[in-house]
Amino acid sequence: MRSVSRISDARAVLAEQRRGGCSIGLVPTMGNIHVGHLALLERCRAECDFSVVTIFVNPLQFGPKEDYTDYPRTLDKDRDVLSVHGCDLLLHPTVKEVYGEHPEQSTRVHVPDLSERWCGASRPGHFDGVATVVTRLFNFVQPETAYLGLKDYQQFLLIRKLVTDLGMNTRVAGVETMRESDGLAMSSRNAYLSADERRAAPALYRELRGIADEIRGGERDYPGAASRCRERLSAAGFNLEYLDICDAQTLRPASIADSELVILAAAFLGGTRLIDNLRLAIDPAALA
Ligand code: PAF
């Protein structure tokens with residue numbers, strides 16, 4: 001595995017691969033590589049000839065009171081793990097490499113509507129930071145396919161939209177969320193949970209599964225079902241940011257005419273913010 005911090009070095013390696021006819025896949029990350037990232041890499045390796053992982057803790061997507069400074073940075077360990085798991089090129093650029101001398105004056109990318117909802121409402125500017133860095137990373141690497149985790153479902157939809165809208169020649173593939181054996185979605189931020197919080201955390205996904213079962217069983221009062229679920233999670237110690245049943249493409253609150261749904265949730269346990277989602281398809285004919 002090659003490991004480079006300069007974009008020009010990455011471009012030289014990639015140009016050589018392209019000359020050899022190789023297809024290029026990209027797994028963009030902020031590092032602290034865990035099994036969830038490795039699932040993205042595995043899919044990338046299965047589908048592409050040459051696998052690139054980027055590690056960049058993107059300052060633009062953190063709010064002023066968020067954990068940019070404390071975000072786990074484990075480059076040496078990540079490099080070893082990625083190398084063992086067959087990554088071909090690791091690009092770990094500095095902020096200056098990505099944004100130039102004056103990051104505050106650099107061009108931003110904004111995806112309307114999707115950026116404003118849910119995580120976007122509670123983290124103003126977050127998705128502009130994501131859209132901006134992903135546009136840059138995709139331009140640096142120009143992958144045929146980029147692999148993103150479906151745990152960050154809103155981010156996945158947003159990136160798919162920006163790629164379409166900006167006419168990028170990249171396919172965005174969503175990879176199923178990896179979970180601990182008790183159902184907790186894998187995330188770098190799980191490391192922040194205390195032992196008690198870690199024991200409580202799987203209730204989030206359990207509740208999402210519970211609502212999905214209710215919907216499959218015929219429940220169509222979506223606001224009512226979501227509200228009961230929020231109450232149960234609050235009673236279990238979660239501080240809910242949002243939990244709602246939405247149309248899986250627009251992320252607008254679902255109506256009974258929608259057949260592809262996603263239950264989206266974000267909640268704090270102590271100081272740790274957890275997000276999760278569950279997608280389900282219902283047969284509109286069942287409504288008739
Ligand atoms: O999901 C992440 O790790 C980040 O938001 C991403 C897509 C790498 C952009 O910084």
Side-chain angles (χ1 to χ4, degrees), residues 5 7 10 25-41 43-44 51-63 66-75 78 81-82 87 89-95 97-99 103 106-111 114-115 117-120 122-143 145-163 166 168 170-178 185-192 264 266 272-277:
S5 62
I7 288 148
L26 169 65
V27 179
T29 80
M30 298 205 300
N32 197 229
I33 299 297
H34 53 65
V35 177
H37 296 117
L38 295 178
L40 303 181
L41 176 58
R43 170 99 176 267
C44 179
S51 298
V52 183
V53 174
T54 55
I55 293 182
F56 179 63
V57 185
N58 172 32
L60 253 53
Q61 70 188 76
F62 289 80
E66 292 183 356
D67 53 347
Y68 175 65
T69 318
D70 300 336
Y71 196 85
R73 288 164 173 82
T74 51
L75 183 60
D78 291 350
V81 173
L82 290 170
C87 170
L89 173 66
L90 168 63
L91 171 62
H92 53 93
T94 59
V95 173
E97 273 286 304
V98 173
Y99 291 118
S106 68
T107 300
R108 304 299 152 108
V109 179
H110 176 69
V111 180
L114 267 179
S115 290
R117 298 178 181 278
W118 312 115
C119 286
S122 40
R123 304 180 71 190
H126 168 69
F127 284 123
D128 289 356
V130 170
T132 300
V133 80
V134 162
T135 302
R136 280 163 198 250
L137 295 172
F138 284 16
N139 281 338
F140 298 151
V141 176
Q142 302 190 2
T145 309
Y147 296 85
L148 286 145
L150 290 170
K151 179 174 81 69
D152 300 292
Y153 184 67
Q154 186 175 6
Q155 167 174 279
F156 165 74
L157 288 184
L158 176 119
I159 292 173
R160 222 175 47 179
K161 178 164 166 53
L162 91 82
V163 160
L166 297 180
M168 291 182 181
T170 292
R171 179 174 75 96
V172 179
V175 178
E176 229 14 277
T177 305
M178 296 293 287
M186 289 190 183
S187 163
S188 301
R189 290 192 170 103
N190 292 350
Y192 300 153
L264 292 176
T272 308
R273 186 173 181 276
L274 303 175
I275 66 170
D276 208 343
N277 70 80

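Because only heavy atoms are used, hydrogens play no part in the values below, and waters and symmetry mates are left out as well, while side chains stay in. These numbers come from a predicted model, not from an experiment. Just so you know, ligand 1 is whichever comes first in the structure, and atom 1 is the first atom listed for that ligand.
Evaluation of the ring pair (Phe, Tyr, Trp, His ring centres under 6.0 Å) rule for His34 yields His37 as partners, not counting sequence neighbours. Remark: Phe138 pairs with no residue by the ring pair (Phe, Tyr, Trp, His ring centres under 6.0 Å) rule, at least two apart or across chains.
Counting only heavy atoms of the protein, atom 9 (C) of ligand 1 lies nearest to Gln61 OE1, 3.4 Å. The protein non-hydrogen atom at the shortest distance from atom 2 (C) of ligand 1 is Gln155 NE2, 3.8 Å.
Heavy atoms of Thr29 found under 4.0 angstrom from ligand 1 belong exclusively to the backbone.
Every atom of ligand 1 is numbered from 1 in the order shown, and the set under 4.0 Å from a heavy atom of Val133 is 9 (C), 10 (O).
Just one of Asn58, Thr107, Val141 meets the side-chain contact (heavy atoms from CB on, under 4.5 Å) condition when paired with Arg136; it is Thr107.
Using bins of under 30°, 30° to 60° and over 60° for the plane-to-plane angle, the ring pair Phe62/Tyr71 lands in the perpendicular bin.
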